[in-house]
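See below for the structure under consideration.
Start at 1 and go down the list; that is how both ligands and their atoms are numbered.
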Amino acid sequence: MIEQGFLLNKDQLKPIVDGFMHEFQTGLKTPSKGLATMIPSYVTKLPTGEEQGTFLSMDLGGTHLRIAAVELKGQGKTEVRELKKSPSPELKTGEGEVFFDWIADAVQEIIARESLLFNEQQRNGKETISLGVCWSFPVDQTGVASGTVLRMGKGFILKNVEGKDLAELFHAAFRRKNLNVVVTAIVNDTVGTLVAHAYTNPKCRIALIFATGINAAYPEKVRNITKLDDREKYASDAKMLINTEIDIFGSEKYLPLTKFDLQLDKSHSQPKFQLYEKMVSGAYMGELTRLIAMDYIHEGSLFEGKVPKGFDQAWCFPTANMSTLENNDHEGISHIFNHFSVTPTSEDIELLTRICRNVSTRAASLVSVAIISLIEQQQLWNRQEHIIIGINGSTFQYYPHMDSRIRNVLNEWYGTDTTGRIDLEVASEGGSVGGALIAMLAK
Ligand code: GLC
């Protein structure tokens with residue numbers, strides 16, 4: 001079986017868990033230079049669920065920009081009115097100023113559209129409106145509302161942005177557009193998700209994003225974050241939310257990279273960056289599947305050994321196709337094959353589906369490594385309580401059987417008793433609510 005290296009058992013996952021645990025330790029003590037892991041958020045509170053008020057938030061991910069007016073209603077309830085836009089490839093790779101102007105325009109648009117939520121003074125720019133920013137990219141935080149933009153990824157290669165202060169980039173755009181808006185909080189999407197999910201379930205202790213990218217956040221004891229300068233300032237039992245940037249964890253030394261992972265990495269615009277993320281997340285699984293399928297075609301056992309039209313183009317097979325195949329969605333499946341102008345036999349469909357299953361099963365195993373290492377780091381298993389994990393992202397929510405595949409790995413690792421206490425909850429309110437909550441908690 002060509003995709004043999006994709007099936008990982010407990011013994012094969014152990015060195016990766018150990019490696020991740022080691023990276024937590026080094027990341028907590030090593031001051032960040034450029035690309036950092038274990039980034040302190042400066043957020044030391046989780047919400048109780050009773051917070052109330054209306055806040056403006058902005059959430060930027062790989063595919064969407066969401067600007068939202070978020071009403072926190074108490075009792076864990078929220079109402080989100082959002083404006084959703086997608087940046088064009090030109091915007092994502094152009095001049096930073098143009099990009100931030102585009103965001104400022106969207107902010108202006110929502111203030112006009114949801115004008116009833118703002119008072120007269122705010123509408124006419126006399127009173128400042130606060131904005132919580134949720135940023136699904138690495139930022140080297142320097143405070144709750146400031147941080148240096150690091151390498152972005154997800155197709156973003158903005159000019160004159162890396163190394164600058166994120167809040168300043170926003171404020172310059174707001175000034176150019178005459179907007180009286182100020183950034184009062186900046187959070188990574190994982191921290192946003194942790195806070196947002198804790199609003200509905202205050203026991204949540206791990207947030208995981210499993211979407212285009214992968215990443216996780218958790219509360220760490222401030223006394224363990226030795227790279228933090230003014231630790232004495234905090235109470236002795238204080239905790240701070242950490243953006244692990246687990247996406248860049250791991251190295252060639254212990255990640256079980258196959259020749260397909262190396263091939264994918266080589267053809268990527270940012271090679272050697274986020275090797276772990278490239279093995280698991282929604283942006284990449286489709287391409288891994290395609291690369292494996294190409295080997296089967298060359299061997300003669302798929303599509304009669306003939307490459308379907310366009311199938312040799314890198315990135316032509318999105319991860320959503322894998323869901324369609326694994327869901328056995330007949331209409332969707334014919335659509336996929338029509339696109340590649342090929343009439344498959346039932347064996348072709350079966351083989352391609354098996355590749356999808358193996359690629360996504362490996363993703364489930366490696367995502368479980370992130371979960372296990374975060375449970376270990378906080379020693380959550382030794383309390384008798386439920387371990388609440390809030391997971392946000394399309395790959396977790398919509399990829400068939402992802403939840404049960406992750407559970408299988410946890411079962412193999414911890415046994416059914418402990419795994420029975422691990423709750424993988426869909427954190428449906430991610431960045432927007434998280435950004436709004438932190439804007440509030442920071443006030
Ligand atoms: C990428 C980003 C990270 C983000 C994650 C999930 O890995 O580098 O900052 O949290 O995607 O969206």
Counting non-hydrogen protein atoms only, what is the nearest one to [atom]? Give residue, atom name and distance.
| atom | result |
| --- | --- |
| atom 5 (C) of ligand 1 | N215 CB, 3.5 Å |
| atom 11 (O) of ligand 1 | K154 NZ, 2.9 Å |
| atom 2 (C) of ligand 1 | S136 O, 3.5 Å |

Under 4.0 Å from a heavy atom of I214: give me the atoms of ligand 1 that qualify, with their elements.
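By the 4.0 Å cutoff, the relevant atoms are 5 (C), 7 (O).
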At less than 4.0 angstrom from any non-hydrogen atom of I209, what atoms of ligand 1 do you find?
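Going through ligand 1 atom by atom, the ones under 4.0 Å from I209 are 6 (C), 12 (O).
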What do you reckon, does D189 have a nitrogen or oxygen under 3.5 Å from a nitrogen or oxygen of ligand 1?
yes
Which pair of heavy atoms, one from G153 and one from F137, lies closest together, and at what distance?
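Minimum heavy-atom separation between G153 and F137: O-CE2, 3.9 Å.
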Going by the angle between their ring planes, with limits at 30° and 60°, are F311 and F340 parallel, tilted or perpendicular?
perpendicular
Please verify the inter-ring angle class for W135 with F100; under 30° counts as parallel, over 60° as perpendicular, anything in between as tilted.
parallel
With a heavy-atom distance limit of 4.0 Å, tell me whether T212 approaches ligand 1 through its side chain, its backbone, both, or neither.
neither
Centroid-centroid under 6.0 Å between Y276 and F20 rings
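Under 6.0 Å, so yes.
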Ring centers of Y284, H268 separated by less than 6.0 Å
yes
Has G153 got any heavy atom lying under 4.0 angstrom from an atom of ligand 1?
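False for this residue.
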A side-chain contact here means heavy atoms from C-beta on lying under 4.5 Å apart; do L228 and V222 qualify?
yes
Distance-only side-chain donor-acceptor flag, N215 / T244, under 3.5 Å
yes
If you take the nearest heavy atom of each of E245, Q274, E277, which one is closest to atom 9 (O) of ligand 1?
E245
